[in-house]
Each structure stands twice: as C-alpha cells, then as structure tokens.
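The structure under discussion appears below in the form of structure tokens.
Starting from 1, each residue takes its place in the sequence as its number.
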Amino acid sequence: MDWKQTYTFCERVYDHLLIEARASFNNTEVITSLSQVKECYTDELNIILAEENIAYQFVEGKFHRRGRAQTQKSAQRVGVILIDPLLSDVRKYYNKALVFFREFPEPDIENCVKEALCALEACLEVLSKKPASRNFAKVVKQLQGNSEEQIPSPIAEGLIKLHAYRGSGQGVAHAALKGNKVSEVEAELVLNLVASYITYLYDLFSPSDEEIPF
C-alpha cells in the first residue's frame, strides 16, 4: 500500500476493528477496556512515527501533520547524520525539539526553539572539541576563516545570529516578557535551519577517514 492507504487502514482499524481485550489468569478474568486498547494502539503508532522521523501524529483516531513537507525532509536528512554515535547528544536534543514542535493540539514552540539550539551548541562542541555551550559566538569566531576546515565569515555570522535568537525570543531561554516574537512559523524555521547547519558542520569537521553513515 502507499502511505495514504496505510494511514486510512490504521484509522479504520482504530474506529471499527479494535475491541476490548479479555484474558484469564489463575481463573481470574482480566478485561482491558476499549479505551485502553485504543490508547495502547495510539501509543505504538506514535512510537513508530517518531522513530522514523515522520512528521505525523496519530491523535484520537486521525493522523495530523504539523509543519510543511520541507520540515519532514529536513528531519529525515539530518536524521541520517545523527545516527553517528558521536552525535548521540545532538540527536537527543534535536529529537526533543521535534517532539515539542509536533505536540497536539498546540506545539510547545518555546521549548522547541530552545532544544533545537541546544542541538546546534552540542554539535559544534562535539565536532570542534571547544566549549560552544558556554560561549557559542566565541567558538564560532575561533573557527572562522577561509581555509577548507574553517567556517566562512557569512556562514559564521549566520550561526551566531541564529543562536542569539534563543536569548532574544520571548520565553525561550528566559522568562522574558519582551523580545522577538516566537510563533509556530519561527519554530519551524529554526528546526529547518538547525538541521541544515548540523549537516554542514558534520561535513566540515567530522573525521575525513570515516564514512558518513547511510
């Protein structure tokens, strides 16, 4: 089946085929209610969707997609890079950002931005072996230059400015009542930019004798 048929099948199973479960243990009948069965079914589907970096959630018997198709593609592309054990901490932060973004019915946009930028910090720190989590801008400037293993100035400035959004956005890193707006649109942009920067930094700084894990 193609993916649309698969999603329709899962929705129909939820609506028409799931029934309460009965089992006997030591002459005692145990009944699992229909609501509990549906809850377990929903949880299992969402685990599969999350593991495959698919930008859909199964909620109350229906599939919902948060964000644009480009966001799903970005998550899938960076996911190829993040399977490298070297980037395990980066993967943890970025996946948390995705979970916050995909929360239904309302995304947790502030925590999405925070975790995504934590992933960017962790990526730079792991690959450069410099304390990027303590002083991100300083480390980026140390790595800036025109050689093959340095970050060109315009890209370095872009990294610094994106990271600065964490401190200037309302409620992202601090309980600020004033600052730059943070909406679902900005959160999605940050997710996409961070995914691209992680891929770029990995290509630039990962050991040349190691193959990219595909």
Query raised in the report: Could you go step by step and tell me if Glu188 and Thr71 meet the side-chain hydrogen bond (donor to acceptor under 3.5 Å, both in side chains) rule?
Result: CA-CA 7 Å; Glu188 188 169 8; Thr71 305; 2.4 Å; yes
Query raised in the report: Would Ser33 and Glu20 count as a side-chain hydrogen bond (donor to acceptor under 3.5 Å, both in side chains) if you check the C-alpha gap in whole Å, the side-chain angles of each, and the deciding distance to 0.1 Å?
Result: CA-CA 5 Å; Ser33 69; Glu20 67 180 25; over 6 Å; no
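Between the side chains of Tyr56 and Asn46, no donor-acceptor pair of N or O atoms lies under 3.5 Å. A donor and an acceptor atom, one from each side chain of Glu29 and Ser24, are nowhere located under 3.5 Å apart. Looking at Thr8 and Gln5, their side chains never bring a donor and an acceptor atom within 3.5 Å of each other.
Panel note: side chain Asp84, backbone Leu87; no donor-acceptor pair is recorded below 3.5 Å. Side chain of Glu110 to main chain of Val182: no donor-acceptor pair is present (N/O by atom type, distance under 3.5 Å, no hydrogens or angles).
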Which atom pairs, one a donor and one an acceptor, fall under 3.5 Å between side chains of residues 37-45 and the rest of the protein, sequence neighbours left out?
residue : atom : partner : partner atom : Å
Tyr41   : OH   : Cys10   : O            : 2.9
Thr42   : OG1  : Lys38   : O            : 2.9

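Closest non-hydrogen pair, Val126 versus Leu86, comes out as CG1-O, 3.4 Å.
The line from CD of Gln70 to CG of Asn192 is 5.5 Å long, rounded to the nearest 0.5 Å. Atom CD in Glu121 sits 6.0 Å away from atom OG in Ser133 (nearest 0.5 Å).
For the pair Cys123/Leu127, a side-chain contact is recorded, criterion being any heavy-atom separation below 4.5 Å from C-beta on.
Two rings, from Phe58 and Tyr14, have their centers less than 6.0 Å apart.
Around the CG atom of Asn27, the shell of radius 6.0 Å holds no more than 12 heavy atoms that belong to other residues, nucleotides or ligands.
Linking Ile, Leu, Val, Met, Phe, Trp and Tyr residues whenever their side-chain heavy atoms come within less than 4.5 Å places Leu124 and Tyr197 in a single cluster.
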